[in-house]
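Data block below; observations after.
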Amino acid sequence: MEKTVTWSAFRGYVEYIWREKKVLFLYGALFFPAFIVANYLQIYLPKMIIMELEEKRSIAYVGVSVLALVLALCLAILLREQMSSRLKYGNRQIARKQQQDYTNKLLYVDYGCLEDQEFLAMRNMAKESIFGGSIGGQGRAHLKDFMPEVVMLVAAAGNVILYLYYLSKISFLLILVLFFVVFLGTSINVKVFRKNEKKHGQRSANTWQKLDYVTRKTEDFSMAKDIRLYDMAPWLTGLIDEYLGERLLFKKKEMISRGLGDGVYMLTVGVFMASLLGMLLLRFWDGNIEVSDVVFYANMGPALYHLLDREVSSRCFHLFQIMTEYQRFQTFMNYGEDTGTMDVPVRKEAPSIVLEHVSYSYPGAEKEVLKDINLQVRAGEKVAIVGVNGAGKTTLMKLICGLLHPTGGRILLNGADMETMEAEERYAWFSCTFQDVQFLPVSIRENISQEMEGVGSVSAERDEKIWNCLHLAGIKKEIEELPEKLDTLLEKNINENAMDFSGGQRQKLILARALYRDAGTLILDEPTAALDALAENEIYEKYAEFAREKTSFFVSHRLSSTRFCDRILLLDGGNIAEEGTHDELLAAGGIYRKMFAMQSKYYQGGDKE
Ligand code: ADP
């Protein structure tokens with residue numbers, strides 16, 4: 001089965017290149033004769049000189065013919081190298097396209113896939129294939145090597161056939177000897193390689209992964225504080241030292257086995273060359289061949305052996321590796337549904353949202369996180385979702401905004417089943433803010449408006465709207481005081497000149513972004529988790545003010561922050577366990593009341609009943 005899969009992957013990749021860059025086939029077609037002619041002339045040159053000397057040609061004649069041959073050789077080598085570089089570069093352009101495909105897949109794939117461990121494992125493998133594998137894959141052939149490898153293989157095979165034809169004129173037996181020793185040498189080498197891979201391959205890759213991870217942590221600005229305050233430097237140096245030591249040990253073992261392989265290679269070459277030379281001398285003594293022929297074949301022998309053993313067989317092995325990588329890439333690309341790229345305008349009107357018997361379980365998980373949830377939210381209603389960590393609040397929000405799809409039941413948006421809508425149509429209804437606040441390393445203007453900026457494209461209207469949102473979010477004054485104002489860069493990790501905002505300021509910027517989007521439904525999933533209760537109250541009040549006209553969902557595990565909502569839902573055991581206003585829930589004396597009493601002990605200020 002593996003064979004047919006590899007073959008279909010091979011055909012798939014060839015077709016892909018034919019579609020994307022036909023000129024590579026022309027380069028290949030020119031490389032083929034240049035490669036064979038260059039190799040042939042190199043071994044023909046000494047034969048020709050001896051022949052002409054034996055025939056007692058004039059110095060001028062020999063000089064001119066040698067010059068002509070050397071010139072032809074130079075031209076062939078020049079053409080071969082030119083085509084080889086063009087093939088390599090052309091394949092890099094193809095690889096770039098694959099890298100774009102990979103990124104687009106991650107950007108457009110249905111969100112549910114990103115929560116699926118199987119997809120994530122596939123993504124890691126495809127990433128290694130596409131980006132040349134910094135993880136444990138050193139020395140491997142990669143997707144970008146495909147065309148050069150195929151063309152080299154075809155050219156080397158053509159060259160081998162030509163030399164075998166010549167060799168058959170001396171003795172057919174020699175061909176048998178040649179194949180036997182190459183087969184023997186290759187089998188021993190493959191055995192040694194496999195043994196080494198089996199013994200150390202996985203561990204070596206794991207060590208590389210750990211080394212890569214720890215090294216990246218030393219470069220990570222956000223780790224810098226902990227490293228200093230917890231005196232982690234000696235520990236990290238120790239770890240890196242340990243991993244580097246292990247890597248060196250693996251390298252040593254790999255080199256020893258490679259040395260063994262080279263030894264076997266030399267031995268087999270020796271056996272073949274001894275047989276060839278013996279046969280040539282016998283033919284010479286019998287008067288069947290001339291000295292020039294002996295020189296010709298004696299030069300051809302090692303060249304043929306090298307072509308067969310090193311070029312043909314190793315290229316086959318490389319192609320096998322590349323096909324495995326291509327298959328990984330294809331499997332990744334074909335996994336899950338992709339969303340489209342429709343440009344749907346943001347829907348500003350508040351919709352009604354109805355959940356009918358909605359259940360959800362994560363891919364691969366046996367337990368349902370949410371079970372048979374029924375809920376009706378009026379257009380413009382403010383709903384709070386509370387519950388302990390892990391109760392399923394975030395999952396419910398992801399279902400409502402259409403990032404995840406219910407595994408049971410359905411969700412209606414203004415009466416229409418969300419599953420019948422395109423992803424872009426669903427997302428157009430929502431302004432969401434989740435716990436993990438992410439900005440891009442670009443200006444505040446771009447982060448708030450979520451629009452890339454071309455030089456000189458600053459629109460006064462857009463800036464006015466941004467300032468207005470920053471004002472509503474309560475951070476206008478701080479931004480105005482910055483020398484670069486809206487051009488201030490974010491993310492100090494990436495931009496040296498970036499501004500390092502505090503947790504609260506980042507929350508306000510995120511609020512400004514949601515205000516700027518201004519969609520009909522607002523979802524706030526504990527964007528304030530990093531803030532204290534008072535700061536959270538302040539932010540929630542701002543959101544509430546803004547959300548007056550919107551259908552909104554406020555998620556929090558701090559019960560006091562959501563008192564202003566029309567209705568509070570308490571999630572417990574995968575279901576809505578309690579429902580009502582703050583006062584109603586307190587009066588009911590259930591889980592909500594217990595949680596509220598507990599939290600009131602810890603939070604002072606506005607948290608008391
Ligand atoms: P909450 O927001 O209330 O803290 P979540 O919705 O984040 O709860 O998680 C609910 C449950 O779903 C938790 O038990 C969590 O471990 C599980 N869960 C969350 N994400 C995944 C995932 N990608 N795969 C499997 N289980 C998950």
Side-chain angles (χ1 to χ4, degrees), residues 105-107 109-124 332 335-337 339 353 355 357-375 377 382-409 411 418 423 430-438 507 510 514 521-531 533 536 539-540 543 552-562 565 567-579 585 590-592 594-596 598-599 602:
K105 178 75 185 176
L106 288 176
L107 292 177
V109 73
D110 183 81
Y111 176 82
C113 288
L114 303 174
E115 303 259 11
D116 182 350
Q117 290 307 320
E118 196 183 330
F119 178 79
L120 295 181
M122 244 177 245
R123 181 204 59 188
N124 289 346
F332 167 75
Y335 196 91
E337 295 259 320
T339 59
I353 293 175
L355 276 72
H357 305 289
V358 168
S359 303
Y360 186 75
S361 54
Y362 280 98
E366 280 167 23
K367 230 179 107 205
E368 282 188 328
V369 175
L370 298 172
K371 293 172 216 151
D372 196 26
I373 298 224
N374 289 297
L375 175 67
V377 179
K382 279 181 222 8
V383 178
I385 318 283
V386 298
V388 293
N389 277 338
K393 304 184 290 295
T394 300
T395 308
L396 182 60
M397 288 306 105
K398 286 178 181 168
L399 284 165
I400 286 180
C401 68
L403 283 171
L404 296 178
H405 310 278
T407 43
I411 301 177
M418 280 178 75
F430 296 91
S431 283
C432 301
T433 299
F434 288 98
Q435 286 174 28
D436 30 8
V437 180
Q438 300 289 348
Q507 292 303 340
I510 282 288
T521 318
L522 184 68
I523 289 187
L524 300 172
D525 182 4
E526 293 202 83
T528 50
L531 303 185
E536 183 179 86
I539 295 248
Y540 268 45
Y543 274 97
S552 25
F553 296 88
F554 293 83
V555 175
S556 182
H557 64 272
R558 288 186 187 132
L559 308 186
S560 59
S561 340
T562 53
C565 291
R567 190 161 35 136
I568 299 172
L569 310 176
L570 185 126
L571 274 192
D572 192 50
N575 222 313
I576 300 173
E578 293 175 21
E579 186 177 346
L585 287 172
I591 307 172
Y592 186 90
K594 255 190 236 154
M595 278 175 75
F596 190 81
M598 288 253 287
Q599 290 186 358
Y602 294 104

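All of these numbers come straight from a predicted model, not from anything done at the bench. Below, all heavy atoms of this structure are taken into account, side chains as well, without hydrogens, waters or symmetry copies. Order of appearance sets the numbers: ligands from 1, and atoms from 1 within every ligand.
- Taking Asn575 as the reference, nothing meets the side chain to side chain donor-acceptor pair (under 3.5 Å) condition, with sequence neighbours excluded.
- Every salt bridge (Lys or Arg N to Asp or Glu O under 4.0 Å) that Lys105 has, sequence neighbours left out, goes to Asp338.
- What you find for Cys401 and Phe434 is that their closest heavy atoms are SG-CZ, 4.4 Å.
- Near ligand 1, residues Glu115, Tyr362, Val369, Val388, Asn389, Gly390, Ala391, Gly392, Lys393, Thr394, Thr395 come within 4.0 angstrom through at least one heavy atom.
- Summarising the geometry, atom OH belonging to Tyr111 is positioned 11.5 Å from atom NE2 belonging to His405; distances are rounded to the nearest 0.5 Å.
- Note: Tyr360 and Tyr362 have perpendicular aromatic rings, judged against thresholds of 30 and 60 degrees for the angle between ring planes.
- Listed by first and then second residue, the salt bridge (Lys or Arg N to Asp or Glu O under 4.0 Å) pairs involving residues 382-397 amount to none (not counting sequence neighbours).
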